[in-house]
Participant: 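There's a structure below that I have some questions on.
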Amino acid sequence: MEPTIQSTQDFVQTGLSAPILSALAQAGLTTPTPIQAKAIPIARAGKDLMGIAQTGTGKTYAFSLPILEKLMAQPGKALIVVPTRELALQVEDSIKKVSRLLLPNIRTVCLIGGMPIYRQKQDLKQNPRIIVCTPGRLRDHMQQHTVSLHDVCVVVLDEADRMLDMGFAPQIKLILETVPKNRQTMCFSATMAPEISRLASAYMKSPERVEVATQGQNNNLITQELCYVRSDEKTGILHSMIKDHEGRILVFSRTKHGAKKLAEKVRDLGHSAAEIHSNRSLSQRRHALEGFKSGQYRILVATDVAARGIDVQNITLVVNYDLPDAAEDYVHRIGRTGRAGITGKAISLATRDQVRDVKSIERLIQKNIAISSYSTGTIAEQSAAHSIGGGQRPAYQPAGRPGGYGGGGANRNRGFSPRRYR
């Protein structure tokens, strides 16, 4: 479901055609979000585009509505490449919400790992106009010659910073070298590091940049707190947080093994919990996500596979049980709450040897994170003292590259393998 964060105009002012506007009205969508209002006119003009906006602000319709309009008017296909299976399914569902109301209906196909490839081959024989995929599974189809990209007229890289990092760059390069050069290319994400922007621009023609908010700027609806603890205190403090907060709680673990163990601990504490990570099958991951949405599970423990683009309404609290490997991923993680105009809260647990990592996050979001009341007093005092040599914590330093893990490069891909996102 796309969020309902409002702009000051309606979809008519974006210039979209009457059939698209009619479909939007039938789907109950009348007001574009700020990124939609700015990006749609540029995309409709056929220009290459780099769109940067906070997570949960409607980027999917910012590129998919102009795509639907274009495919109604001319032959060809659209290729939408995303980093995770869950995001691919969500993007396809959002597009179908509008496309099924159009005449003629524009067929879509979703190519992701964890689903039978023979069924995808059958779907491809039906000549879908929109292909939503993860790079690994698309490469599988390319190697088996079961997908044709010769008539692709639009390519979208969603969550482009992850798509073009060192793990995915070779696959994306292969894809972009296969599709026609005379195409429209759009990249969307909540964060876009300078080196990623340069890499993306190499595949684009004079792209226009649309930035609704400063990179890394977080939703003002999210209250952010930082909790300094010892490693052996984390589980007990998480239990206290769960008891103190009502509603859905999303907990992030850095590793898939950690997520599995943590979900078991949460269940042992008497709470209903599910887990999402790359060791779970697609059906298991979908069951966990649907159970979390429906209320069957109050708590979802996940790795960063759930940090990008997964839209679950009314998540009360996001807990970073482990800090992320990359500062940019912090923005995506906490963006699972504070969506569609509803307030949320994010609490991050950090040990005293992670002060530099915290600084990297604060530089990116351009604000200090308040110390949580859950912090162990002595640890909080020592960490604050270590960060500045005593006194108040320093303000963020926007100039220069972040320290710690925030600057991209090798640390950004620690423990990362693109195969797990097929």
Participant: Do the side-chain N and O atoms of Lys121 and Gln144 include a donor-acceptor pair separated by under 3.5 angstrom?
Facilitator: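 Checked: Lys121/Gln144 side chains pair up, N/O donor to acceptor below 3.5 Å.
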Participant: Of all the heavy-atom pairs spanning Val210 and Lys38, show the shortest one and how long it is.
Facilitator: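 Closest heavy-atom pair between Val210 and Lys38: CG1-CB, 3.6 Å.
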Participant: Measure from the side-chain N and O atoms of Arg298 to the backbone N and O of Gly247, and report whether any donor-acceptor pair falls under 3.5 Å.
Facilitator: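 A pair under 3.5 Å: yes.
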Participant: Out of Ile361, Asp357, Leu364, which one pairs with Tyr330 under the side-chain contact (heavy atoms from CB on, under 4.5 Å) rule?
Facilitator: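 With Tyr330 as partner, side-chain contact (heavy atoms from CB on, under 4.5 Å) holds for just one option, Ile361.
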Participant: Throw together a table of side-chain donor-acceptor distances under 3.5 angstrom for residues 111-120, partners on residues two or more places apart or in other chains.
Facilitator:
from   : atom 1 : to     : atom 2 : distance (Å)
Gln120 : OE1    : Arg137 : NH1    : 3.2
Gln120 : OE1    : His141 : NE2    : 2.8
Gln120 : NE2    : Ile112 : O      : 2.9

Participant: Evaluate the ring planes of Phe188 and Phe63, with Trp represented by its six-membered ring, and classify them as parallel (under 30°), tilted (30 to 60°) or perpendicular (over 60°).
Facilitator: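 Tilted, since the angle between the ring planes falls between 30° and 60°.
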Participant: Output side-chain donor-acceptor pairs under 3.5 Å for residues 316-323, partner residues at least two apart or in another chain, one line each.
Facilitator:
from   : atom 1 : to     : atom 2 : distance (Å)
Thr316 : OG1    : Glu246 : O      : 3.0
Asn320 : OD1    : Arg333 : NH1    : 3.0
Asn320 : ND2    : Ser348 : OG     : 2.9
Tyr321 : OH     : Thr235 : OG1    : 3.0
Asp322 : OD1    : Lys234 : NZ     : 3.0
Asp322 : OD2    : Ser253 : OG     : 3.4
Asp322 : OD2    : Arg254 : N      : 3.0

Participant: Could you go through the side chain to side chain donor-acceptor pair (under 3.5 Å) check for Tyr374 and Asp244 one step at a time?
Facilitator: CA-CA 11 Å; Tyr374 292 102; Asp244 293 345; 2.6 Å; yes
Participant: Under a 4.0 Å N-O cut-off, is there an ion pair linking Glu290 with Arg285?
Facilitator: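 No, no charged N to carboxylate O under 4.0 Å.
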Participant: Consider only side-chain N and O atoms of His150 and Ser148, and report whether a donor and an acceptor are under 3.5 Å apart.
Facilitator: yes
Participant: Can you tell me how far apart OG1 (Thr337) and CG (Leu221) are? Round to the nearest 0.5 Å.
Facilitator: 9.0 Å
Participant: Taking the side chain as everything from C-beta on, heavy atoms only, tell me whether Arg183 gets closer than 4.5 Å to Val154.
Facilitator: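 Side-chain contact under 4.5 Å: no.
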Participant: Mind checking whether Cys153 and Leu71 have side chains closer than 4.5 Å, heavy atoms only?
Facilitator: yes
Participant: Would you find a donor on one side and an acceptor on the other, under 3.5 Å apart, between the side chain of Gln284 and the backbone of Ser281?
Facilitator: yes
Participant: Only one of Thr30, Val12, Leu16, Leu101 clears side-chain contact (heavy atoms from CB on, under 4.5 Å) with Leu24; which?
Facilitator: Leu16
Participant: Kindly write out the residues that satisfy salt bridge (charged side-chain N to carboxylate O under 4.0 Å, His left out) with Lys265, not counting sequence neighbours, or none if the list is empty.
Facilitator: none
